[in-house]
Structures are given as C-alpha cells and as structure tokens.
Colleague: 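Below is the structure I would like to discuss, written out as structure tokens.
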Amino acid sequence: MANVKPSIPKGTRDFTPTEMVRRNYILNTIRSIFEKYAYLPIETPSIENLSTLMGKYGEEGDRLIFKILNSGDFLANVDLGNKTAQQLTPLICEKGLRYDLTVPFARFIVQHQNELIFPFKRYQMQPVWRADRPQKGRYREFYQCDIDVIGSNSMLNEAELIKITDEVFNAFKLDTVIKVNNRKILSGIAEIISEPDKITTICTAIDKLDKIGREGVLNELKDNGLTDSSINKLMPFFDFSGTNEQKLDFLEKMFINSEIGRKGIDELRSMLSYVDALTISTPVEIEFTLARGLNYYTGAIFEVKCKQVAMGSVAGGGRYDDLTSIFGLKNMSGVGISYGAERIYDILLECDGFPTSLTTPIKVLFINFGKKEELYALQAVQQLRNANITCELYPDNVKIGKQLNYANNKAIPFVIMAGENEIKENCFTLKNMQTGEQKKVTITQLLEYKL
RNA sequence: GCGAUCAUAGCUCAGUUGGUUAGAGUGCCGGAUUGUGGUUCCGAAGGUCGUGGGUUCGACUCCCACUGGUCGCCCCA
C-alpha cells in the first residue's frame with residue numbers, strides 16, 4: 001500500500017493527553033456551574049437535515065454549512081443541466097453538519113414538545129462545524145457550550161444567564177466584560193432615522209464600529225443605500241457615552257416617537273434591575289452598537305469579551321422570540337448564551353491560566369523486573385487500584401533507567417520497585433521521583449501513605 | 001469567496017551573489033552505568049530541502065503552478 005502522508009483537514013485539530021486534561025477541566029467547570037443553576041443536559045445528532053439548518057444563519061451562514069453528499073448513486077434522477085453549484089447542492093445533499101447548537105435545539109423543542117416540561121432549561125456541550133477559513137481563535141470544528149431557557153418571557157432568565165456568565169469566567173479567573181444591548185433598541189434606532197427596512201444592514205455595519213472605526217461604518221452604510229440625512233440622524237448614537245443609566249435616559253429622549261425602542265429600554269431596565277440584585281462582579285455594559293450577526297435574535301443580546309487577550313468574543317447570545325415557529329410551534333420565546341470552549345482554552349494557554357494541579361493523574365509506576373516480579377507487583381497494583389490510586393505497571397522488562405525515565409516523562413511522582421530482595425522481605429521500595437528519597441514499606445504502609 | 005505570508009531531520013530553526021558530500025540545538029536509539037532517572041561524556045541512526053514543472057553547465061537558493069500551514073477581510077465561539 002502506498003504511504004499516506006498523515007494529515008487532518010484544515011481547521012481541525014488532534015488533542016494530546018495534556019491538552020485533553022485541560023479541555024476536560026474547562027468543560028467540567030462549565031458543566032458543574034450549569035447544573036448548579038438547574039439546567040439539564042441534552043444532546044442532538046452531529047448531522048441534521050439540511051432543511052433544518054438552511055436559511056437560519058443568513059446567506060453567509062448557509063455557505064458555511066458543511067454539506068454531506070447523499071449515499072449511493074446520488075446522481076440518479078438528477079438533471080445536471082447547466083445548474084450552478086448552489087442549485088445542485090439541494091439535489092445531491094440532504095444532510096449537513098450542525099452549524100450551532102441553537103437551531104438544532106429549536107428543532108428538538110418542537111419535536112419533543114409533549115415530553116418536555118416548560119419553561120425548559122437545558123445545556124448542551126457538543127462540537128459544531130463551520131466551513132470557514134481558519135485563523136486565530138477560529139476553527140472548522142469546535143465545541144460550544146450552550147445554555148438556554150425556553151418558554152418564558154421573564155427578564156429573570158436574561159439576568160440568570162448574566163450571573164452564570166459571571167460565575168463561569170470568575171472560575172477561570174479571566175478578566176471579562178459583558179456587553180449587552182437589545183434588538184428592539186436597534187429597531188427603534190432604525191425607526192427614528194426613518195430606515196426601518198434597513199435594520200439588518202444597520203446592525204451589521206455598526207457591529208463593526210470598534211473594528212473599522214466610525215468612517216468605515218459610515219461608508220458601509222452609504223454603500224448600502226442609506227441617505228446622508230439618515231446617517232446624520234444616526235451620529236448621536238455613536239457619540240454618546242456614559243453610565244448604563246445615562247445611556248438609558250439618553251435613549252428615552254430619542255425614542256419619544258418609537259414604541260418599539262421604548263419597549264427595548266423597558267426590557268433592558270428590567271434585566272439590569274435583576275442583575276443588580278444578583279451581585280455580579282463582572283462589569284455589565286450597555287453598548288448600543290452591539291448587534292450580532294445572527295438574524296434570529298429579537299430582544300436582549302449579549303457578548304462577552306476577554307480584556308486580557310485580543311481575540312473575538314468568548315461568548316455570545318440573546319433572546320429569540322420566534323425560532324421554533326419555523327418548525328411549527330408558536331409563542332415559544334427563548335433566551336440563551338453560548339460559551340466558546342476553544343477560545344477559553346486558547347486564552348488560558350496564552351495567559352498561563354490553567355491550574356498547576358492539571359498534571360498527569362497517574363500517581364505510581366511499578367518497575368518491571370521480570371516474570372516472577374511482575375506477578376508480585378500486580379497484586380500490589382490491584383490493591384492500590386481498589387483504594388482508588390491511579391497506578392500502572394511498566395509492561396516490559398527493560399533497563400531500570402529507561403523505566404524511570406518513562407516516569408519522569410509522564411510526570412509520575414512515585415515509583416515502586418519490587419525485585420528479588422523485596423519479594424524475600426515481603427515489602428516494596430517506594431521512591432519519590434522529585435527528591436530521589438526511597439524507603440522500604442509494607443503493602444499496608446503503602447496503602448496508608450499519602451500518594 | 002478575496003488578500004498577505006511561510007514550507008529544510010520527530011520538534012525548533014541555520015544554510016553566504018546560484019557552486020563539491022545540506023548543518024546546529026533538542027528529541028530518539030546504543031554505550032560509559034546488567035537494581036536507580038531528571039546532570040555529564042562518547043557514539044549511531046535520522047533528509048526525494050512541501051509537490052510538479054521551468055531557467056541554468058549546475059537550484060535548498062531564481063521563476064511559474066499546485067498543495068498545505070499561519071495571519072488578515074467577509075462572517076463568527
């Protein structure tokens with residue numbers, strides 16, 4: 001067989017044991033917080049019907065969904081004609097890899113509505129796939145940690161998600177800021193500058209404010225057909241700064257003629273009053289220019305940025321009033337937030353934030369001295385394992401130096417040697433690999449020893 | 001989908017205006033040291049210089065194409 005050069009697809013990664021220990025630490029930390037707040041786990045398949053996924057993430061999103069070629073003779077009954085790739089895709093692919101966890105969740109809700117208890121609080125930590133061009137902090141396969149409450153309109157849910165976010169990033173000792181806004185405020189802005197139809201354009205443009213600057217945003221708005229007078233009316237929103245309270249007061253004056261805008265203010269006020277009651281240490285800042293690209297958001301929107309490291313957001317979410325209606329279930333408002341496990345990993349790595357205790361879980365290595373000694377060692381191995389001490393016996397009778405080196409490389413703190421002498425005396429030689437100190441102990445002493 | 005940049009030993013990287021047999025560090029293997037490692041010393045193995053073409057007496061080096069990595073744009077965790 002020809003030699004195959006080992007490689008994995010662009011934007012995907014292998015994880016070594018060291019990396020997995022750290023990833024599990026992140027996922028376990030997040031999971032335990034989710035569970036403390038009474039969220040329950042679900043899982044959904046990696047692949048969904050393409051009809052479930054398409055059209056939910058905007059045009060760009062559709063392009064970034066990995067599509068799966070139909071099995072068998074996928075060209076049977078397909079008239080190739082002069083079709084473009086886009087026209088051909090739905091004819092030869094009916095499944096795709098999930099793009100996020102929120103849309104499959106909406107599908108799940110509708111499909112299982114009779115078995116679930118509402119309001120339904122769920123968490124879900126699974127990989128998602130995007131056919132994006134990989135770059136810093138961006139992969140084609142990555143884990144999202146989603147948490148959502150569906151079937152409740154209360155702002156208590158928004159506040160709870162903010163509290164959970166606070167707790168999650170405190171657990172990782174990361175210095176973050178939670179940016180909040182409300183889609184209704186953005187609708188209000190679009191309304192009072194008399195461009196209510198251009199809401200999406202306005203959102204995506206002003207979302208880039210801190211990236212391309214004010215000039216860039218203005219140019220983009222102009223390119224997308226906004227009139228100069230509309231853009232002029234938009235200017236005050238960019239300029240205003242102050243406390244959350246000052247921002248809300250400012251908006252209140254601006255929104256005298258916008259009912260939807262005033263609704264947005266009410267929601268934000270209500271949400272923030274709950275937040276105040278929850279004692280949150282992370283700063284929560286209103287930012288009118290926060291928009292977020294996903295077009296299913298209708299109310300609150302959140303985004304979490306890490307102040308220590310320049311990278312995209314580490315979490316994002318919002319309220320969606322109508323996501324389940326495309327699957328046939330109306331009046332089912334939900335709100336959720338998604339934490340990016342990979343980005344948290346990259347940030348912790350960059351700022352040396354992993355706990356030092358995250359080393360190998362292996363406590364003891366038994367040195368292999370030969371056939372007879374193996375059997376002697378194995379009995380002790382069993383007893384240590386029964387006492388819940390992680391240990392292993394080196395499988396081959398090779399030179400001691402090599403076996404000790406193996407312990408060093410795996411950062412195993414203790415080594416046990418049991419050869420002819422020890423068998424005679426019915427004991428074990430326990431060696432501390434850090435200090436080099438070693439002493440003879442009985443099996444009872446071994447089990448009592450703090451390993 | 002668009003752009004920039006890079007590709008030499010398992011890993012990190014040198015390699016002169018284009019010139020004989022492509023180097024170092026580290027790791028791996030063996031030995032000094034057959035029941036004692038992380039230090040030291042000695043030795044050995046390891047390369048189609050990303051792939052394919054072109055220029056040249058001669059290419060790791062120059063040119064073109066492709067592939068892959070990284071980083072930006074779009075979009076996003």
Side-chain angles (χ1 to χ4, degrees), chain A residues 3 5-13 16 26 30 57-65 85-86 98-102 125-147 165 168 200 203-205 207-208 211-212 216 220 291-295 302-306 310-317 336-347 365 367-370 373 394 397-423 428-438 440:
Chain A
N3 244 357
K5 196 178 173 185
S7 69
I8 55 176
K10 191 192 292 251
T12 64
R13 294 154 302 158
T16 61
I26 291 175
I30 293 175
Y57 310 106
E59 204 180 314
E60 181 73 12
D62 282 355
R63 214 191 67 206
L64 297 178
I65 295 171
Q86 280 91 344
R98 65 166 166 255
Y99 177 89
D100 72 356
L101 299 177
T102 305
M125 306 198 295
Q126 289 188 273
V128 303
W129 293 268
R130 297 185 186 175
D132 216 350
R133 189 154 288 209
Q135 50 190 277
K136 186 174 181 169
R138 172 183 283 182
Y139 306 97
R140 289 181 134 183
E141 177 183 59
F142 61 95
Y143 267 76
Q144 286 194 325
C145 306
D146 262 43
I147 182 164
T165 303
V168 165
T200 317
C203 283
T204 44
D207 194 40
K208 296 174 202 160
K211 216 169 190 178
I212 60 178
E220 185 161 330
R292 299 190 54 76
L294 294 175
N295 50 25
F302 320 107
E303 189 160 286
V304 182
K305 293 245 159 137
C306 180
M311 196 175 300
S313 54
V314 288
I337 188 162
S338 177
Y339 304 88
E342 323 292 333
R343 287 193 175 169
I344 294 172
Y345 181 97
D346 288 349
I347 289 171
L365 174 75
I367 301 295
N368 189 320
F369 282 95
E373 293 87 342
Y394 197 90
N397 177 19
V398 297
K399 288 201 315 185
I400 315 296
K402 196 179 161 84
Q403 299 191 47
L404 292 175
N405 219 18
Y406 173 86
N408 282 334
N409 290 337
K410 285 182 85 171
I412 301 174
F414 293 98
V415 155
I416 288 173
M417 283 174 284
E420 227 175 311
N421 302 339
E422 283 84 356
I423 295 178
F428 299 88
T429 297
L430 176 69
K431 183 184 179 76
N432 181 323
M433 290 302 279
Q434 237 119 58
T435 63
E437 173 198 7
Q438 55 187 66
K440 287 189 174 172

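A, B, ... follow the sequence lines: proteins, then strands. Residue 1 opens every chain.
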Colleague: Apply the side chain to side chain contact (heavy atoms under 4.5 Å, CB included) test between A:Tyr57 and each candidate in A:Thr102, A:Leu64, A:Ile65; give the one that qualifies.
Modeller: A:Ile65

Colleague: Would you compute the distance between atom CZ of A:Arg130 and atom CZ of A:Arg98 and round it to the nearest 0.5 angstrom?
Modeller: 11.5 Å

Colleague: Which part of the nucleic acid, if any, lies within contact of A:Glu422, taking any heavy atom under 4.0 Å across all strands shown: a base, the sugar-phosphate backbone alone, or nothing?
Modeller: base

Colleague: Give each protein N/O atom lying under 3.5 Å from an N/O atom of nucleotides 27-30 of chain B, with the pair distance.
Modeller:
unit_1: B:C29; atom_1: OP1; unit_2: A:Lys402; atom_2: NZ; d: 2.8

Colleague: When you compare B:C60 with B:A7, how far apart are their P atoms, in angstrom units rounded to a whole number?
Modeller: 15 Å

Colleague: Using atom C1' in both nucleotides, what's the gap between B:C62 and B:G69 to the nearest angstrom?
Modeller: 24 Å

Colleague: For atom P, what is the distance between B:U48 and B:C11, given to the nearest Å?
Modeller: 12 Å

Colleague: Taking a pair as Watson-Crick (N1 to N3 plus N6-O4 or O6-N4) or G-U wobble (N1-O2 and O6-N3), both under 3.5 Å, which stems of 3 or more consecutive pairs involve RNA chain B?
Modeller: B:1-7 with B:67-73, B:10-13 with B:23-26, B:29-32 with B:40-43, B:50-54 with B:62-66

Colleague: What's the spacing between A:Leu404 CG and A:Ile367 CD1 if we round to 0.5 Å?
Modeller: 4.5 Å

Colleague: What integer number of Å spans the C1' atoms of B:G10 and B:C73?
Modeller: 36 Å

Colleague: Remember a base hit wins even if backbone is also touched, and classify A:Gln403 as base, sugar-phosphate or nothing at under 4.0 Å, heavy atoms.
Modeller: nothing

Colleague: So does A:Gln135 get a side-chain nitrogen or oxygen closer than 4.0 Å to the phosphate oxygens (OP1/OP2) of B:U70?
Modeller: no

Colleague: Under 4.0 Å, counting only non-hydrogen atoms across every strand here, what does A:Tyr143 touch: a base, just sugar-phosphate, or nothing?
Modeller: nothing

Colleague: For B:U17 versus B:G58, give the span between their C1' atoms, rounded off to a whole number of Å.
Modeller: 15 Å

Colleague: If you measure from the C1' atom in B:U51 to the same atom in B:U67, how many Å do you get, rounded?
Modeller: 7 Å

Colleague: Which nucleotide sits closest to the side chain of A:Arg133: B:G37, B:G3, B:A77?
Modeller: B:G3

Colleague: Contact class for A:Gly137 (heavy atom, under 4.0 Å): base, sugar-phosphate, or nothing?
Modeller: base

Colleague: Take atom C1' in B:A45 and the same atom in B:U40, then report the distance between them in whole Å.
Modeller: 22 Å

